[in-house]
Protein chains: 2
Amino acid sequence: MPRDRSPTRIQKRNRATIIEAALDVFSQHGFRGATVDQIATAAGLSKPNLLYYFPSKEAIFTELLSELLDTWLAPLREIDPKGEPLDEILAYVTRKLQMSQDMPRESRLFANEIVQGAPRMIDALSTDLRALVDETETIFADWMDAGRIARVHPRHLLFSIWSLTQHYADFEVQVQALMTPEDPFAEAGAFLDTLYRRMLTPTVSPAILGDA
Amino acid sequence: MPRDRSPTRIQKRNRATIIEAALDVFSQHGFRGATVDQIATAAGLSKPNLLYYFPSKEAIFTELLSELLDTWLAPLREIDPKGEPLDEILAYVTRKLQMSQDMPRESRLFANEIVQGAPRMIDALSTDLRALVDETETIFADWMDAGRIARVHPRHLLFSIWSLTQHYADFEVQVQALMTPEDPFAEAGAFLDTLYRRMLTPTVSPAILGDA
DNA sequence: CTGACATTTGACCATCTGGTCAAACTCACG
DNA sequence: CGTGAGTTTGACCAGATGGTCAAATGTCAG
């Protein structure tokens, strides 16, 4: 196996190629359904060669997961507690929908894993993600307390955004099978904008409650 | 293999047991991840015995899928075009959420299959389901034309209901990991009711448009 | 009770799959 | 060049897996 010391040019290239190939294969077939040979072929390497860079199939998978989790959650961290609440939320929805369009493999990778009980992710879920979600919930709740958006269960609000945006990546074949030629993502953008606007626009003017 | 003629008592019992066991195993591991041995054990049969009732793993799976599709779509067929629009939709949402709570295995079985490209379902999707969805879309569109619910893209409205309700079954581990002791389904019911009420309540009184 | 048919099983097989290993090859660098 | 480390590969292995088969066992109508 490669030394611990600074990776060579070839190591960098091959590890990257393998991760990319693994994303392709794992997102299509899930962990169990993917074979090392498939990944190796997709990466243009022989199986033993691939296993020279990663000790096992499991290792490739966990490496991939941990590399991706940050990227996947980045849009959530960008929500600005000091911004205009509805704008912040709508912008987050847009970013998430964009990610579903641009990175459907990543979305399906997580979906596959979670549907099957997330055996290799539980830890990350209940620590890192948990903390981030708690933070976000506080932001939402504060906005609601200030009357700047309508009151709903803040955590379920977040779940709904995940669910609705990722649906277009995770269930793409279904959406496609039911949509004929139209472009699902364009329509989805408009639909989601309307949905969250109507759900979250306060019924009483927030101006009353003091920011003038 | 069993004769084509009327199934015996034992055949009926064992085929049912096998299907039930298969639902358990397939919904947890997906098609590829499930093994015939697992299903046989779960059904309390030996592997060759199981294969006496079904010619192959594939056959069990497709049988299971086709048996379940009807059940799964039943709530959709119950929408009454002559009913009060908002009530009909909210009732449909409630039925779907209830199904996610009562039949999470079924939900995950479909989720697994669709995330992986639905190789064994494409046909059903683009024929049977397609027709049903087209019908429903017309109902929604008519209601919107009559001003009885607010206007949104009707097909995406349907997608949103599927997405939001099935999320609580398909991504149960994630929801659980982020919810501590609370009961997700109870809160989800309230959340979804609010969401669809606010999104769909017409801004102009429908009475104006003539039903008095 | 018995024969015909239904059901069950242990033994077996071919293939797939994750992973190993020693030998061969390539490459950077003195 | 030459040499040692880094890289690649063919051959191989053990266990898992889908599926087969002939023989054994159970069931039930006549």
Side-chain angles (χ1 to χ4, degrees), chain A residues 1-65 112-113 116 119-120, chain B residues 1-65 112-113 116 119-120:
Chain A
M1 76 199 82
R3 291 263 149 236
D4 282 349
R5 301 289 167 174
S6 54
T8 65
R9 176 180 52 90
I10 295 177
Q11 274 171 40
K12 244 185 267 184
R13 171 172 49 84
N14 281 353
R15 285 185 65 98
T17 312
I18 291 168
I19 288 291
E20 165 65 24
L23 172 57
D24 235 65
V25 176
F26 280 133
S27 68
Q28 266 180 64
H29 305 286
F31 179 78
R32 188 59 155 56
T35 74
V36 176
D37 252 323
Q38 279 178 316
I39 301 172
T41 302
L45 300 175
S46 67
K47 186 169 59 161
N49 198 181
L50 181 147
L51 289 167
Y52 169 71
Y53 291 100
F54 289 89
S56 68
K57 179 181 170 182
E58 184 93 26
I60 306 173
F61 192 76
T62 53
E63 169 77 18
L64 184 56
L65 275 189
N112 251 313
E113 185 63 6
Q116 297 188 9
R120 287 160 270 264
Chain B
M1 78 200 79
R3 292 263 148 238
D4 282 349
R5 301 291 168 172
S6 55
T8 64
R9 177 181 53 91
I10 294 176
Q11 274 170 40
K12 245 183 267 182
R13 170 172 49 85
N14 280 353
R15 285 184 65 100
T17 311
I18 291 168
I19 288 292
E20 164 66 23
L23 171 57
D24 235 65
V25 177
F26 281 133
S27 68
Q28 267 181 65
H29 306 285
F31 179 77
R32 187 62 156 54
T35 75
V36 176
D37 253 325
Q38 279 177 315
I39 301 172
T41 301
L45 300 175
S46 67
K47 185 169 59 161
N49 198 182
L50 180 148
L51 289 166
Y52 168 72
Y53 292 100
F54 289 88
S56 68
K57 179 181 169 181
E58 182 94 28
I60 306 173
F61 191 75
T62 53
E63 169 77 17
L64 183 57
L65 275 188
N112 250 313
E113 185 64 7
Q116 298 189 9
R120 286 159 272 262

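Within every chain, numbering begins at 1; the chains are lettered A, B, ... in the order of the sequence lines, protein sequences first and strands thereafter. Computed from a predicted model, the values in this text were never measured in an experiment.
Ring geometry, B:Phe26 versus B:Phe31: the interplanar angle falls under 30°, so the pair is classed parallel (tilted spans 30 to 60°).
The shortest distance between the side-chain N/O atoms of B:Ser56 and the OP1/OP2 oxygens of D:dG18 is not below 4.0 Å. Between A:Arg13 and D:dG6 there is no side-chain N or O to OP1 or OP2 distance below 4.0 Å. Here B:Tyr52 does not reach the OP1 or OP2 of C:dT8: none of its side-chain N or O atoms lies under 4.0 Å away. Under 4.0 angstrom from either OP1 or OP2 of D:dT7 there lies no side-chain N or O belonging to A:Asn49. For D:dT8, the OP1/OP2 oxygens have a side-chain nitrogen or oxygen of A:Tyr53 closer than 4.0 Å. Residue A:Thr8 places at least one side-chain N or O closer than 4.0 Å to OP1 or OP2 of D:dT7. Between D:dT8 and A:Asn14, a contact under 4.0 Å exists linking OP1 or OP2 to a side-chain N or O. The phosphate of C:dA28 (OP1 or OP2) has a side-chain N or O of A:Arg9 nearer than 4.0 angstrom. In this model, the phosphate group of C:dA6 is not approached by any side-chain N or O of B:Gln11 to a distance below 4.0 Å at OP1 or OP2. B:Arg32 has no side-chain polar atom (N or O) that falls below the 4.0 Å cut-off from OP1 or OP2 of C:dC16.
Nearest-nucleotide assignment on DNA chain D puts the 5′-proximal partner with A:Lys47, out of A:Lys47 and B:Glu58. The 5' end of DNA chain D is approached more closely, in terms of each residue's nearest nucleotide, by A:Leu50 than by the other of A:Leu50 and B:Phe31.
Across the protein-nucleic acid pair, B:Arg15 atom CZ and C:dT8 atom P stand 13 Å apart, rounded to whole Å. Taking atom CD1 of B:Ile60 as the reference point, atom P of D:dG18 lies 10 Å away to the nearest angstrom. Between A:Ile10 atom CD1 and D:dT7 atom P the separation is 5 Å, expressed in whole Å. The nearest whole Å value for the distance from the CG atom in B:Leu51 to the P atom in D:dT17 is 14 Å. Rounding to whole angstrom units, CZ of residue A:Phe61 and P of C:dG19 are separated by 14 Å.
Summarising the geometry, atom CD1 belonging to B:Ile39 is positioned 11.0 Å from atom CG belonging to B:Leu45; distances are rounded to the nearest 0.5 Å. Here the OG1-NZ distance, from B:Thr35 to B:Lys47, works out to 8.0 Å after rounding to the nearest 0.5 Å. Taken to the nearest 0.5 Å, the CG atom of B:Leu51 stands 11.0 Å off from the NZ atom of B:Lys57.
Taking only distance into account, the side chain of A:Lys57 never meets the base of C:dG19 through a donor-acceptor pair shorter than 3.5 Å.
Using a 4.0 Å heavy-atom cutoff across all strands shown, B:Ala34 reaches sugar-phosphate atoms only and no base atom. At the heavy-atom level, A:Ala59 lies nowhere under 4.0 Å from the strands shown.
When side chains are defined from C-beta on, A:Gln38 counts as touching A:His29, because their heavy atoms get closer than 4.5 Å.
Closest contact between the side chain of A:Val36 and the listed nucleotides C:dG18, C:dT8, D:dG18 involves C:dG18.
A donor-acceptor pair is defined here as one N or O able to donate and one able to accept, closer than 3.5 Å; no such pair exists between the side chain of A:Glu63 and the backbone of A:Ile19.
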